[in-house]
Amino acid sequence: MVVACTRDCYDTCIFGEKYEPLRLFPVNGFTCARGRADLIRNERNRVLSAYIDGREVGVEEAIRYVARLFKEELKRNPARILRTDYDGNQGLLTWYYPDRLFNVIGASQTDRSICSSEGHAAIKAHYGTSMGALPEDFLKYDTVVLWAFPASISAPHIWALLVKKFKVAIDVRLGDTARKSDRAIIVRPGTDVFLAIGVIKVLIEKGLVEGKVKHIEELANYVKVFSLDYIASVSGVSVNDITWLAELYHERKPITLIGFALGRSLNGGDAIGMISLIPALVGIKRGYYYSNSLGWGIDFDYLRGLHMARSSRVIPMAEFGDYIERGEVSVVYVWNENPAITLPGGDRLIEAVREGRVTLIVHDPFWSDTAKIADVVIPAPTFLEKYDVVYSYWHDYLVYNEPIRPLRGVTEVDLVRSIAKEVGIDHPLLVEDPWKAVDTAIRGAGVTLDELRSKKVVRMKPKYLPAEEPDALPLPNPIEPEPLKNNEVYLVFTSHPLYTNTQFREVYGKLEPIVYTHDHEGVLLLGTSRGMVRVRAVKDPSIPPGLALIYKNSLVDLDGKPINGIIEPYKGKYAGTPRLNGIKVRIIAT
Ligand SMILES: Nc1nc2c(c(=O)[nH]1)N[C@H]1C(S)=C(S)[C@@H](COP(=O)(O)OP(=O)(O)OC[C@H]3O[C@@H](n4cnc5c(=O)[nH]c(N)nc54)[C@H](O)[C@@H]3O)O[C@H]1N2
Ligand SMILES: Nc1nc2c(c(=O)[nH]1)N[C@H]1C(S)=C(S)[C@@H](COP(=O)(O)OP(=O)(O)OC[C@H]3O[C@@H](n4cnc5c(=O)[nH]c(N)nc54)[C@H](O)[C@@H]3O)O[C@H]1N2
Ligand code: SF4
Ligand SMILES: [Mo]
C-alpha cells in the first residue's frame, strides 16, 4: 500500500501504509515538517457535513441545491457559472477530472496561470517542451545555479541532492538558500532577463559558445545592443559578477534550476526563456530544470474532457477580482483552491458573496478561508482517504494512491457526476468510467492502470524531450522596472517551511502578516492603486533597501483582509501569469 503526499510541492514524497517515507530515490527517506504533521492535520478543521447558508444538510440535499442553481443559470447564460481550481491536491481524479462537468455545461473557467504556466510557455517557445533534467540527471553535476529558487525551503528533497555541490544562488535577497550557497548574486526584482542577456553576451563575445543553438546570429546581434555597464546599472549586478557567472557556466558546466516565482515577476517569461538557453550555449543538453509536468505525456486534456467539450470563456486569474467586481459571474464553484485569498482580487469575491451578487460553492476537506464564506460547502476526502493517481512535477514516479484512513465526504468524481445526474446530463464524458479515463490519460507516459495497480509505483517514460538544438528565438523585449519614489518598495513573496500555500494552519497556527524590510518596524500600511492592507513590519538585514518580503503562506492582513486585494492586474506575456513578485507598493506609517 502506497500514499503520495500530493499537494503543490516539487517533491511529491511517497509513503508506505504506516506513513513511513519509502527509501526510493529521490525521496531520500525523510519527511518534511508538513509531511510529519499530515496524520494530525487530517483530524483537524475538517468539513464533515454539507452546509447551505450555514445550515447543516446532507450531501444529497446540497447536490440537489447546486443542481437547481446550475439549471437556473444554464437557462440564462452558462458562462455566468465560473469554476475555479488549483493544485490543493495533484491527483488526476481530484484535480483534473471534475473539469468535465463544467466543460460539458459550457461554464467559464479560470486560466490556471497563477503558478508555473508563464515559464512552461517560455521554455516551450525555445525547446518545443518545458521538460528538463530528471532527478537522476542532477547527480551528474558538481555545480548548480539556483535561479530564483530557494530550494532549501521550497523543495527540501531537491536541496538534499545538492548538499555537496558548489551552489550559486541568484535572488533579490540573502535568504536561507542564498546564505547556505557558496556564492549569492543579488539582483534587482524583475531584472533577471538583463542578467541572463549579460551572461549570454559574455559567452558569445568571448568565444565561449560550445553548443548548437538555432538563430545564434540573431541572438549575437541582439545582445550586442546591450552594454555590460548598462546591464549592471539596471540589474544591480556588477560587470565583474556578470562575467564571473558566464565564466562559471563555461568552466564548471552547472545545472540550472529555475524557480516558478520568476514567472510571476516583471519580464518573467523572457527571463526564464533566456536563462534556459544558457546551458545549451555552453553545450549542456537538458541542462535546466523548471517543471517536468508537461513532459511525461500524461493526457491532462483527456482527463478534462477537452476532446469533446470546452468551457465557454477563460477568465485570467490576474483579472479574477475585476470579473467578479464587474458582475460577470453569478455562481462560483471552487475545488482544490482557496481563491478568496490566493487569487488577485480575492477580496472582490468576498464582497460579492457578502452582498449576494455571487453564490459561492466550495468543495474542500478543510474550512479554508473560501469555505468559511461560502453559501454551499461540501465535504471532500483528503488524499489519505481516497484512491487516486498522483504524479510529480519533478521526479518520474507515478503513484497509485490508496487510502489509509476511512473515507469522509464525497470524492470530486462522485460529486460532479451526481450533480450532472441531477441536472439531467448524460454526456459520454460523465458516463465514461473515471478509471478508464485515467488509464487512457497515463498511457502517453508509458504506463497502464493495471501495471500501476499491481506495482503501486511505476516510472514514467518522458515523451516530450527538449530539442537538442533549441531556438534562440523568440528574443525578449525587456522592460526596465519603474524607479522607486520615496517610501516605495518592491514587494516579493516566498515560501515558509511549515506551510504549503494556505495549508497547515490547523497544525502550525496562523502565520502573522509580517513584512520583512531593511528599515521599517511596527504596524504600517502597504498601498497600491487597488487599496491598502495593514501588516506588521520587521527589520531584517537579509533584505536589501527598497525591498519588502511576505511569506506567501500569510496572505491575510491584520484586519483579516486578503493581501491580494492590492495586487494590480498585470498579465505575463507568455501565459498571462499574474505579476505577484516585484510589485511596487507604498509604505504608509500608521
Ligand atoms: N515549504 C514550502 N514549499 C513550497 C511551497 C510552500 O508554500 N511552502 N509552495 C510550492 C509552490 S505553490 C510553488 S509555486 C513553489 C515556488 O517555489 P520557488 O519558485 O522556488 O520559490 P518561492 O518560495 O516562491 O520564492 C521565490 C524566490 O524568488 C525570489 N525572487 C522574487 N522576485 C525575484 C526576482 O525578480 N528575481 C530573482 N532572481 N528572485 C526573485 C524571492 O526572494 C524568493 O527567494 O514552491 C512550492 N514549494
Ligand atoms: N500574493 C501572492 N499570492 C499567491 C502566491 C504568491 O507568491 N503571492 N503564490 C501563488 C501560487 S504559486 C499558488 S500555486 C497559489 C496557490 O493557491 P491555492 O491553490 O488556492 O492554495 P492552497 O492553499 O494550496 O489551497 C488549496 C485548497 O485545496 C484544498 N484541498 C486540499 N486537498 C484537497 C482535495 O483532495 N480535494 C479538494 N476538493 N480540495 C483539497 C485545501 O484544503 C485548500 O483549501 O497561490 C498563489 N497566490
Ligand atoms: S510537503 Fe512536499 S516535501 Fe513535505 S512530505 Fe509532502 S511532498 Fe514531501
Ligand atoms: Mo505555486
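Just follow the structure's listing: the first ligand is 1, and inside any ligand the first atom is 1.
Atoms of ligand 2 lying under 4.0 Å from any heavy atom of N89, numbered from 1 in the order shown and given with element: 32 (N), 33 (C), 34 (C), 35 (O). Under a 4.0 Å criterion applied to the non-hydrogen atoms of K386, ligand 2 contributes the atoms 34 (C), 35 (O), 36 (N). Numbered from 1 in the order shown, with element, the atoms of ligand 2 that lie under 4.0 Å from a heavy atom of S368 read 44 (O). Near N564, the atoms of ligand 2 lying under 4.0 angstrom from a non-hydrogen atom of the residue are 1 (N), 2 (C), 3 (N). Per-residue contacts place D8 under 4.0 angstrom from the following atoms of ligand 2 (heavy atoms of the residue considered): 14 (S). Counting atoms of ligand 2 from 1 in the listed order, those under 4.0 Å from a heavy atom of P381 are 35 (O). In the vicinity of E412, heavy-atom distances shorter than 4.0 Å reach the ligand 2 atoms 34 (C), 36 (N), 37 (C), 38 (N).
Of the charged side-chain nitrogens involved, at least one lies within less than 4.0 Å of a carboxylate oxygen, so that K180 and D176 count as a salt-bridged pair. A salt bridge links D85 and R83; the closest N-O separation between the charged side-chain nitrogens and carboxylate oxygens is under 4.0 Å. R34 and D11 are not joined by a salt bridge, as no carboxylate oxygen comes within less than 4.0 angstrom of a charged side-chain nitrogen. A salt bridge links D241 with R183: the closest approach of a Lys/Arg side-chain nitrogen to an acidic carboxylate oxygen falls below 4.0 angstrom. Contact check on K561 versus D347 returns no salt bridge, with no Lys/Arg side-chain nitrogen under 4.0 Å from an Asp/Glu carboxylate oxygen. Remark: R579 does not engage E568 in a salt bridge, criterion side-chain N to carboxylate O under 4.0 Å. Salt-bridge check for R534 with D557: failed, with every basic side-chain N at 4.0 Å or more from each acidic carboxylate O. Classification of E506 and R41 as a salt-bridged pair holds, one side-chain N sitting under 4.0 Å from a carboxylate O.
Residue-level proximity to ligand 2 for T94 is carried by the side chain, the only part with a heavy atom below 4.0 angstrom. If you look at Q503 next to ligand 1, there are no close heavy atoms at all, none under 4.0 Å. Residue contacts with ligand 1, taken as heavy atom pairs separated by less than 4.0 Å, involve N553 solely via side-chain atoms from C-beta onward. Contacts of L555 with ligand 2, taken as heavy-atom pairs under 4.0 Å, involve the side chain alone. For A261, no heavy-atom contact with ligand 2 is shorter than 4.0 Å. Heavy atoms from both the backbone and the side chain of N338 come within less than 4.0 Å of ligand 2. Contacts of D171 with ligand 1, taken as heavy-atom pairs under 4.0 Å, involve both backbone and side chain. Only the side chain of L262 comes within 4.0 Å of ligand 1, judged by heavy-atom distances.
Among all protein heavy atoms, the one lying closest to atom 8 (N) of ligand 1 is Y499 O, 2.6 Å. With respect to atom 44 (O) of ligand 2, the closest heavy atom belonging to the protein is D364 OD2, 2.7 Å. For atom 32 (N) of ligand 1, the closest non-hydrogen atom of the protein is V492 CG1, 3.7 Å. For atom 25 (O) of ligand 1, the closest non-hydrogen atom of the protein is T494 OG1, 3.0 Å. Among protein heavy atoms, atom 1 (N) of ligand 1 sits closest to H496 O, 3.0 Å. The protein non-hydrogen atom at the shortest distance from atom 33 (C) of ligand 1 is V172 CG1, 3.5 Å. Atom 9 (N) of ligand 1 has K552 NZ, 3.1 Å as its closest protein atom, hydrogens excluded (heavy atom only). Atom 10 (C) of ligand 2 has its closest protein heavy atom at I114 CG1, 3.7 Å. Nearest non-hydrogen protein atom to atom 21 (O) of ligand 1 is P150 CD, 3.2 Å. Nearest protein heavy-atom neighbour of atom 45 (O) of ligand 2: T342 CB, 3.5 Å. In this structure, atom 23 (O) of ligand 1 lies nearest to the protein heavy atom S495 OG, 2.6 Å. For atom 4 (C) of ligand 2, the closest heavy atom belonging to the protein is L580 CD1, 3.6 Å.
Within a 6.0 Å sphere centred on CD of E512, other residues, nucleotides and ligands contribute more than 12 heavy atoms. No more than 12 heavy atoms of other residues, nucleotides or ligands shown are found within 6.0 angstrom of NZ on K571.
By the 4.0 Å heavy-atom criterion, G190 is counted among the residues contacting ligand 1. Residue C115 places a heavy atom under 4.0 Å from ligand 1. Every heavy atom of G582 sits 4.0 Å or more from the atoms of ligand 1. Residue contacts with ligand 2 do not include A371, since none of its heavy atoms lies under 4.0 Å from the ligand.
Considering backbone and side-chain N/O of P189, none are found under 3.5 Å from N/O of ligand 1. Checking only distances, V187 never comes within under 3.5 Å of ligand 1, N or O to N or O. Taking distance alone, with nitrogen or oxygen atoms compared against 3.5 Å, R173 approaches ligand 1 more closely than that limit. In terms of polar-atom proximity, defined here as any N/O pair under 3.5 Å, I153 does make such a contact with ligand 1.
Looking at every heavy atom in both residues, Y10 comes nearest to Y290 through CE2-O, 4.1 Å.
With sequence neighbours left out, the salt bridge (Lys or Arg N to Asp or Glu O under 4.0 Å) criterion links R179 to no other residue.
With no hydrogens or angles considered, no side-chain donor-acceptor pair links S235 and T191 at under 3.5 Å.
Counting only non-hydrogen atoms, the option in Y10, F149, Y551 that gets closest to atom 15 (C) of ligand 1 is Y10.
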